[in-house]
Each structure stands twice: as structure tokens, then as C-alpha cells.
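Just so you know, residue 1 is the first one in the sequence shown, and it goes up from there.
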Amino acid sequence: MLPVGSPFLPVFLCVACNDLVASGRDRKPNALVQVAVIDPHKQHLVSHACTEIVEANKDPLFLTGVTFPSEYPASPETLVKLSVYDAKDKTQESVSKHFLLCMCVCSSFLGSATFSVGDLLRAKSECIFLSLSLSLFMSCFRSSDGVCTAGTVVVSRLKMGEMEEVDVDQITTDIPSQKVRLYQNSVGMGSDGKEECLFMNPVCKVYRFQTVDSKWMLVREQMEECTLSFSIPKQLLALYIQEDMSRVQDLKELGDLSPHWDNLRKEVMTRYAGIISSYQETLAEMDKINGCSFKPSCCKAQKSLEFIPINLHTQRMRVTCPKKTDAFYDIITVGAPAAHFQGFKGGGLHRLLSRYEAEKKSTAYQCIYYSPEHTAKAQEVLSIMSLLQPLITRLVDQLLQAAHEHSSPGLRDALKHLSDKTEQFVHTLKDELVKSALLALHAAQPGYVSKNQKSTPAQSQHQEPLSLKHQDTIPHHKEYDEEEWDRLWANVAKCLNCVIAMVDKLQEEDNTKQDPVPEHQLADVITSHNPGDWREQLCPLVTRLKDCVMEVVEKAKRAMTFVLLQEAACSIPQGFLLQQRRDIVFSQALAALACGFVMRLYAGMQDKGFLRQLHLVGLVAQFESLLSTYSEEFGMLEDMEVGISDLQRVMFKITEAKSDDLSDLQPLVCGRRDHFTVEVPLPKLVFHTLPEEIKEGKLLRVFPVLFNVGINEQQTIAERFGDISLQERINQKNFETLEAYYKSLSEKVPLECLPCFQTQTDIKELLETLGQNVVAKKKKNVEILWTAGTICRRLNGIRFTSCKSAKDRTSMSVTLEQCALLRDEHQLSKDFFVRALDCMRREGCRIENVQKNIKCRKYAFNMLQLMAFPKCYRPPEGTYGKVDS
């Protein structure tokens with residue numbers, strides 16, 4: 001928001017007309033107003049906005065307003081030209097670059113009027129009445145002669161915030177005997193300046209709608225791109241590359257292996273090298289892109305952009321009603337996370353992974369079969385070790401520093417943390433998988449001979465593939481000392497016990513020395529008290545502890561790397577292709593989630609109940625999908641299901657930014673494929689207002705849930721002749737997740753912390769309704785989506801809506817949800833519901849989204865498709881057609 005006194009002001013206008021004369025005297029005009037700005041320097045018109053069409057009315061009141069937001073400001077000297085038309089064809093584009101063609105081809109010109117923004121700001125009640133003049137196009141630059149009055153246009157300024165009625169002349173609307181009142185407020189609409197680093201290129205639209213008590217609400221839509229569309233995938237790619245390079249190095253460090261396993265290792269390393277090279281090339285291509293913050297739908301199958309989410313945007317609706325506090329409703333729209341470049345001929349991730357696991361289990365490849373649970377456990381052990389080993393080293397150093405300073409409190413604190421982390425370390429390594437993997441690794445080394453083999457070493461080398469045939473169980477070899485591993489990790493526990501005993505002894509001696517002593521012994525006590533003694537006595541013990549930890553880490557790391565080698569060897573090449581597909585889908589999903597989390601966090605910074613819920617339980621992230629379960633979209637939904645499920649591996653952490661510079665407020669991603677953390681920096685002053693648990697770095701959870709209901713003609717085919725079990729399974733599974741989240745929330749957080757809504761339906765009742773709809777055998781049961789969305793908002797959650805490209809079906813859903821919120825929460829008059837819906841779909845942010853994606857203001861529907869849509873998801877006439885989407 002610009003400072004007071006700035007020559008550039010954010011201005012919102014509404015327009016109405018009186019006594020219009022139609023081009024045909026025997027009918028009333030279908031009026032619309034096109035708004036153009038006159039550039040005072042170049043002296044030419046720039047088409048800026050357009051109202052909706054009000055049919056058959058000589059006194060039209062236009063619900064769609066005109067915005068001059070601070071991002072595209074108007075100064076008091078700005079000249080605005082209003083051109084009123086009688087529309088003959090609803091298919092005309094609302095704002096055309098070819099302004100002259102647009103106003104001549106599909107409509108009759110009724111008249112125009114020109115005013116300056118300064119005229120409006122200086123006018124009483126900031127409302128002006130202008131006579132429409134029939135004149136030549138260029139006469140707007142000079143006084144016109146011989147003009148013919150064609151009616152009056154009324155321009156008034158709208159302000160977002162608390163509304164008050166103002167005494168102005170009433171204007172007749174298209175509803176018989178109904179008058180309009182213009183409202184005014186005192187607070188402008190603007191976003192937190194710190195959000196500028198993440199949200200950009202805003203598109204703003206304003207409306208005025210009538211309530212059931214014949215008052216007027218002001219509604220503002222704002223749609224923005226999010227820089228995380230590119231920054232999150234680029235960070236993920238760098239982490240993928242780093243992780244795979246580390247995996248290659250781990251494979252090299254396995255040491256000498258028998259020829260069979262060495263050949264497998266080389267093949268696996270070659271595959272990793274191919275992935276690393278591909279990812280490096282993709283990252284280099286993405287680094288070349290500057291100034292772009294969203295991927296249009298027409299680029300969804302472009303390889304260099306396959307990690308970028310499709311058409312990711314945020315949308316906020318702000319509602320101002322008389323005598324009430326403003327309300328905000330946020331939603332994130334994004335194309336379904338899916339691997340469009342790779343295609344869907346073989347299905348999506350869910351089907352491909354299931355088939356892959358079945359084939360891997362029955363393969364004749366000469367390797368040991370490890371289940372997905374085993375490989376996941378191996379990755380978990382590696383991840384925990386990589387975190388705990390350096391942490392134990394740092395805690396040991398802290399312990400020695402406290403000993404050097406002779407600080408008993410410091411010694412106790414350091415020892416407590418060291419004990420906790422070391423015990424966690426030991427517990428992780430006691431897993432039977434580590435022990436058995438060490439045995440398998442021993443068997444894979446050169447010269448290994450089983451006790452059952454009665455052959456020479458030369459013979460055993462030829463017979464090795466027979467001894468390592470595919471097995472359904474993890475091998476155990478009696479000739480290997482199985483107790484060695486138990487002794488190793490037990491030594492870590494023993495070393496820790498020795499350190500604890502020494503600290504207890506030192507503190508006991510220190511307490512004894514602090515007792516009063518006779519004066520003649522004081523000199524001896526002072527002489528014997530050397531602050532360095534504690535460190536000297538602890539140093540050998542903690543050094544032994546560090547050495548034991550290091551020895552255990554090296555062995556366990558090699559064992560788990562061998563597990564992953566076998567898993568990778570069994571999966572060549574399909575497993576690596578699936579991993580790439582999963583990386584792509586997850587990248588798109590995480591970018592959307594990070595965008596939604598940051599937006600929700602910024603919106604809730606002043607809400608103590610929300611912040612309490614955030615650190616005690618976490619947030620629900622509800623993804624609404626409109627994909628069909630037929631043809632390619634079936635595969636997209638299978639991709640999306642796995643991608644959304646994988647978001648369970650993500651945690652968020654709020655940190656204090658190094659500075660208030662916008663570059664230091666960018667979220668950062670760290671971790672590896674089995675667990676990622678997104679760090680969200682906040683400015684210092686904001687950070688210090690947070691609860692202590694969040695400031696101390698507590699990891700914050702997000703619970704992703706996905707609900708899908710197909711609504712197009714392909715879903716009709718699926719319901720009649722195909723298979724909708726995928727949709728049914730997804731909805732049932734995620735309903736159970738949502739129900740479990742609510743149960744956990746109600747146990748840990750008072751329900752008073754949740755937001756208040758006008759609709760008094762209890763959340764339990766909403767969950768019961770959702771559960772009933774999920775199991776109901778009803779075609780295109782969109783009530784599932786409506787109820788799930790309502791529950792999400794009632795639970796302080798993050799709302800997402802998706803279809804293939806987040807452009808057409810998504811636009812129908814978002815506008816319907818917004819109008820439903822206006823009806824249920826702000827008493828939108830039922831007579832205005834359809835008009836409001838048409839306004840948003842014809843002239844709102846969503847048609848601008850279509851324009852951004854395909855350079856055409858048409859939703860990609862045809863009449864045949866729309867016949868299959870539920871009625872409330874059909875766009876207004878003239879806004880759809882055959883386009884390349």
C-alpha cells in the first residue's frame with residue numbers, strides 16, 4: 001500500500017447508468033461499459049477493464065467494479081474514458097487488445113464520457129454523474145460539438161474495509177422498484193509488504209452484491225503468482241543431485257565385492273550417474289529462466305519444466321459488509337501434480353509402483369529381495385545416523401567445554417542431551433535389519449565360502465551366482481560372528497554409562513569441596529582445585545565414546561548401503577524410472593504445499609488459537625481434484641494420489657530471518673527423499689511474537705488429504721462403462737485420515753481456537769455427512785468436495801483446488817465456492833447468486849487466469865462437454881469455446 005500523500009493511489013470504482021437509449025427503440029439495451037485509460041503523454045487509449053453485461057435494462061447497475069490497484073496505480077491526473085455499448089453478442093471478449101474492433105463488431109455504441117481520477121476524489125461522497133455523449137472516437141481528447149445525450153453514467157469510488165452508508169442519490173437497478181445505495185469505507189486493501197518476495201503479479205477484481213436485507217457487500221478478488229513455483233523445485237533438484245552423488249560415494253566405499261556384486265554395483269552407479277546428469281541439465285535450464293513465477297498450462301509437457309507445478313496461483317477473496325469486520329477466504333489453485341512429459345500409457349504412479357513391487361518380488365534377478373518396508377527402514381537408519389552422529393559430536397564438545405569451565409549446570413545439561421541422543425542412536429541400530437544386512441554384506445565379499453560348500457575357492461567363484469539366488473527372506477550365515485555387531489552397539493551404551501558415572505563422581509567431589517573446611521586445610525583445597533581436572537578426566541572417556549559411535553556408523557552405513565544396492569539392483573531399470581517420476585510429481589506437490597503453508601501462516605500470525613493449533617497438532621491441507629477416472633486423467637490421478645501422500649514426509653520449521661531483506665525471507669528446503677524440512681524465515685519483529693515452542697524450532701506437521709470427484713464427459717463414460725474404484729478408494733482413505741486428524745485436534749486443542757462461521761453445523765455432523773457421501777453410490781457426487789472444503793476451512797486448514805491444468809474446471813469450482821461462501825456466511829441474496837457467479841466467471845480473476853495461460857479469454861469447454869457437467873459448474877454463455885489448452 002502506498003504511503004499517505006502519494007500521487008499514485010489504489011482506486012476501486014463502480015459504475016451504473018440511467019436512461020440508456022438502445023440502438024433499437026423497441027427494446028431495452030443489453031448494456032456493458034468498457035473502461036479505457038487515456039495516456040496523457042502519448043495521447044492514446046489503453047483498454048483497461050470491462051463490466052458484465054446487464055440484459056434488457058435501461059438503468060443497469062453493474063456488479064463488476066473497476067480496479068486501479070497500487071501495483072498499476074492511477075494518479076489524480078489520470079483520465080478515464082467510459083464507453084457504453086449495447087451488446088448484441090455475448091461472445092465478445094471483455095477486454096480486448098484490439099479495442100476498436102471489439103466495440104464495433106459485436107455491439108452498438110451508445111455513448112461515452114471522460115473524467116479524471118482527481119474529479120472523482122474531489123467530488124462530494126466521491127461520486128460523480130456524467131452525461132453520455134455520442135461523438136467521434138477521437139473527440140475524447142478535446143471538447144466535442146453537436147453531441148447527443150444518450151443517458152447518464154454514475155461513477156462512485158469503493159473502499160474496502162468497514163462500510164458505512166452514505167447519503168447519495170439512489171440509482172434504479174434492473175430489479176423492479178429496487179434502489180441502490182453506494183457505500184464507503186475507511187481502510188484500503190493491501191497485503192503485508194513482506195509477502196512481496198513470494199507473491200507477485202496480482203490481478204484484482206471488485207464487485208458489489210446485494211444481501212438478503214437489501215444492503216450491499218463489497219467483494220474483492222486478488223489472484224497472484226508465487227515465486228515458490230520455481231524456487232522450491234530448484235532447491236529439490238539440488239538436493240536430489242546431492243543425495244544421489246552421496247549414494248554413489250557410499251557404493252564406492254563398500255569396499256571389495258565379489259565379481260557378481262561388483263558388476264551390479266557398477267550398473268547401479270551408471271544408472272545414478274544418468275539421473276544426476278539429467279537433473280543437472282534440467283537445473284541448468286531452469287536457472288536460465290528469469291522473471292517467471294508460473295508455468296502456463298500450454299507448457300505442462302515441456303521436459304525442462306517438468307518439475308514445476310502447472311499454473312500455480314493464490315487467490316484471496318475479501319468481503320466487506322455493513323457494520324461487520326472484513327473476512328478473508330484463501331485458496332490455492334494448481335494443476336494436478338503429474339508427470340505429463342513421461343505420459344500415462346502405462347498408468348500413473350500408484351499402478352506403476354504396485355506392478356513394479358510385484359515384478360520385483362517374483363524376479364529371477366540374482367539378488368536378495370527386500371520389501372519396501374525394509375528399504376524404507378534402511379533409508380531411515382541412514383538418515384537418522386547422518387543427523388545423530390554430528391549432533392553427538394557437538395554435544396561431546398559442549399560437555400568438555402562445560403568441564404573446562406567447571407560449570408556443574410552446564411555439565412548436567414550437556415550430559416542430559418548427550419544421553420538422550422546416544423540412547424536414540426543405540427535404539428536405531430538395534431534393528432534386526434542392520435544385523436542381517438551385515439551378514440549379507442559379508443557373504444558378498446571376495447573369497448566367501450559357505451560351510452555347506454565343499455569346493456575350492458576357484459570353484460566357489462564360479463558357483464557364486466547359484467548361492468545368491470533370489471530369496472524371499474533375509475539370509476543368515478552361521479560362519480559369521482553374529483555377536484560382533486551386538487558387541488559394537490553395546491559398547492556405545494557402555495561408554496555412555498562410563499561418561500555418566502564420571503560426571504556423577506566429579507559433581508559429587510565438587511559438592512564435597514564446597515562444604516566448609518578448617519582454615520588450616522584451605523590452602524591445600526585451593527592448591528588441589530584445578531579447573532582443568534574435570535576436562536582431563538572426561539576427555540579419554542568421551543573420546544572413546546566418539547570412536548565407538550564412529551565405528552558403529554561406518555559398519556551400519558555400509559550395511560544399509562548394501563541393502564539399498566540390492567534394492568537398486570533388483571529395480572534396474574524400472575525402479576530408477578519410477579524414482580524420477582516420483583521426484584517430478586513430489587516436486588510439483590511440495591511447491592504447492594509450501595505456497596499454501598506460507599500464505600496460511602501469514603494470514604494467521606495474529607491468531608493465537610491458530611498458532612497453538614499449528615504447533616500442538618499441525619494443519620490439514622485439503623486437495624480438491626476434479627479429474628476423471630478415464631483415459632489419461634486416470635493416470636494423472638494415480639500420480640497425484642502418490643504425490644499428495646508423499647507430502648506426509650514433509651515438516652515445516654519457522655526460523656528468524658537473518659535480516660528483513662526480501663532475499664532472506666525465501667523458504668528453504670533441506671533433507672533427503674525420505675524426509676524433507678521446509679524452513680520459513682520470518683522478520684525478527686514478527687518472529688518474536690510467536691509461541692515459544694515455534695521459536696525453539698519445533699517441527700510443524702501438515703496432514704495432506706485428497707478428495708476427487710470427476711465432473712466432465714469422460715467421468716460419465718467411466719461411471720457407465722469404466723471403473724471408478726480408484727476415486728472411491730481415494731475418498732474413503734482420505735476421509736479416514738481427516739477424521740483421525742479431527743479426533744487428534746479435539747483432544748489437544750480447545751475447539752474455541754477454531755474460526756467462527758455463520759453456519760452453525762457442528763464439525764462432527766459435517767464429518768458424518770462426508771462419510772455418508774463417500775460411501776454413497778451417487779454419480780458425480782460433488783457434495784463430497786463441498787463438504788470436505790467446508791470442513792477444511794472450519795479446521796483452519798489450507799485449501800487447494802486442481803484439475804488437469806487448474807484453468808477451466810478449477811475456475812468453475814473456485815467461483816462456485818466463493819459464491820457459496822458469500823451466500824452462507826454473508827447473506828448474499830438468492831436473486832444475486834447466479835449473477836454473482838456469472839460476474840466472477842465472465843469478468844473475474846479466473847478468466848484472467850485463462851488469458852494468462854492460453855492468450856485467449858475462453859474456457860476450454862464445448863457444448864457437448866457442458867451437458868455432462870453438473871449445472872452449477874457450467875460457465876455463462878459466451879465464455880467458452882474450442883481453444884488450444
Legend entry - Exceeds 12 heavy-atom contacts within 6.0 angstrom, atom CE of Met245: no

Legend entry - Ring geometry between Phe757 and Tyr329 (parallel below 30°, tilted from 30 to 60°, perpendicular above 60°): tilted

Side chain [X], main chain [Y], donor-acceptor under 3.5 Å:
X: Gln379; Y: Asp674; result: no
X: Thr67; Y: Cys204; result: yes
X: Gln727; Y: Gly710; result: yes
X: Asn311; Y: Gly335; result: no

Inset, instruction - Provide the full list of ring pair (Phe, Tyr, Trp, His ring centres under 6.0 Å) pairs with a residue in residues 649-692, sequence neighbours left out, each pair given once. - result: Phe586-Phe676, Phe597-Phe652

Check [Y] with [X], please: is the shortest side-chain N to carboxylate O separation under 4.0 Å?
X: Glu632; Y: Lys300; answer: no
X: Asp639; Y: Arg581; answer: yes
X: Asp287; Y: Lys234; answer: yes

Inset, instruction - Could you walk me through whether Arg793 and Glu817 pass salt bridge (charged side-chain N to carboxylate O under 4.0 Å, His left out), step by step? - result: CA-CA 12 Å; Arg793 293 194 185 278; Glu817 181 174 1; 3.0 Å; yes

Where is the tightest heavy-atom contact between [X] and [Y], given as atom of each residue plus distance?
X: Gln588; Y: Pro337; result: OE1-CA, 3.2 Å
X: Lys684; Y: Asp660; result: N-OD1, 3.8 Å
X: Cys299; Y: Leu305; result: CB-CD1, 4.2 Å
X: Thr815; Y: Leu837; result: O-CD1, 3.5 Å

Between [X] and [Y], is any side-chain donor less than 3.5 angstrom from a side-chain acceptor?
X: Tyr279; Y: Asp583; answer: yes
X: Ser663; Y: Gln666; answer: no
X: Ser293; Y: Glu225; answer: yes
X: Arg846; Y: Gln315; answer: yes

Inset, instruction - For the pair Asp664 and Lys658, evaluate salt bridge (charged side-chain N to carboxylate O under 4.0 Å, His left out) and give the outcome as yes or no after the intermediate values. - result: CA-CA 6 Å; Asp664 288 329; Lys658 296 178 182 178; 5.8 Å; no

Inset, instruction - Provide the full list of salt bridge (charged side-chain N to carboxylate O under 4.0 Å, His left out) pairs with a residue in residues 729-752, sequence neighbours left out, each pair given once. - result: Glu641-Arg729

Inset, instruction - Applying side chain to side chain contact (heavy atoms under 4.5 Å, CB included), run through Ser304 and Lys288 and close with a yes or a no. - result: CA-CA 11 Å; Ser304 61; Lys288 295 177 184 177; over 6 Å; no

